[in-house]
Asks: 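Take this structure, written in structure tokens, and hold onto it; I'll ask about it next.
Scope of the values below: all heavy atoms of this structure, side chains included, with no hydrogens, waters or symmetry mates. Bear in mind the structure is a predicted one, so any value in this text is a computation, not a measurement. For the single chain, residues carry numbers from 1 onward in sequence order.
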Amino acid sequence: MGKSKQIGNHNNGRKKNINKTWKTKRRTKDLDQIHADMIPENAVKLLKQDVDYDVTGCAQNYCLHCARYFVDLKTLKEHFKSKLHKKRLKQLREEPYTQAEAERAAGMGSYIPPKKVEVHTQQVEEDMD
């Protein structure tokens, strides 16, 4: 008998490497972007957002440090006690990497260690509706 004609890529619909898919699915903001959000003018805009029905919790319960929305206030408060939130606060204590620091690392100046930034968990306002 002869050989059958091979058609397609023979992977039966499977993807060869799904790592990139999973990495981009859980992508969050980088630390320097969160530092920019922590500036008081930007923080007020993020914490006092208009009602958006396309976002979890109608965009009313937002963790500024983790860049995550939560369903209700109770869940947000539980998140503040979690290990992931505390780890993110610890990461945010270090000053963000700047272009000046990159130039110093390349030999265009003296090394200055990064400064520490004081970061506290945001205050939550409870509605009495």
Asks: Is the backbone N or O of Gly57 less than 3.5 Å from a side-chain atom of Gln60, with the two atoms forming a donor-acceptor pair by type?
Replies: no
Asks: For the hydrophobic clusters of this structure (ILVMFWY residues joined by side-chain heavy atoms under 4.5 Å, transitively), does one cluster hold both Phe70 and Leu64?
Replies: no
Asks: Please assess Glu118 against Lys116 for the test side chain to side chain contact (heavy atoms under 4.5 Å, CB included), listing each intermediate value before the final yes or no.
Replies: CA-CA 7 Å; Glu118 193 65 31; Lys116 297 291 180 185; over 6 Å; no
Asks: Following the transitive rule for hydrophobic clusters with a side-chain heavy-atom cut-off under 4.5 Å over Ile, Leu, Val, Met, Phe, Trp and Tyr, establish whether Ile34 and Val117 coincide in one cluster.
Replies: yes
Asks: In residues 37-46, what donor-acceptor pairs under 3.5 Å come from side-chain atoms, sequence neighbours left out?
Replies:
| residue | atom | partner | partner atom | Å |
| --- | --- | --- | --- | --- |
| Asp37 | OD2 | Lys29 | NZ | 2.5 |
| Asn42 | ND2 | Ala36 | O | 2.8 |

Asks: Where do Asn61 and Asp72 come nearest, in terms of heavy atoms and distance?
Replies: ND2-CA, 3.3 Å
Asks: Would you give the length of the straight line joining atom SG of Cys63 to atom CG of Leu89, rounded to the nearest 0.5 angstrom?
Replies: 7.5 Å
Asks: Check residues 91-104 and write down every donor-acceptor pair under 3.5 Å in which the side-chain atom is one partner and the other belongs to a residue at least two apart or another chain.
Replies:
| residue | atom | partner | partner atom | Å |
| --- | --- | --- | --- | --- |
| Gln91 | OE1 | Arg88 | NE | 3.4 |
| Thr98 | OG1 | Glu101 | N | 3.3 |

Asks: Any ring-ring contact (aromatic ring centres under 6.0 Å, His included) pairs touching residues 47-69, not counting sequence neighbours?
Replies: Tyr62-Tyr69, His65-His85
Asks: How long is the span from the SG atom in Cys66 to the CD atom in Gln122, to the nearest 0.5 Å?
Replies: 8.5 Å
Asks: Mind checking the CG-CD spacing from Leu47 to Gln123? Nearest 0.5 Å is all I need.
Replies: 11.0 Å
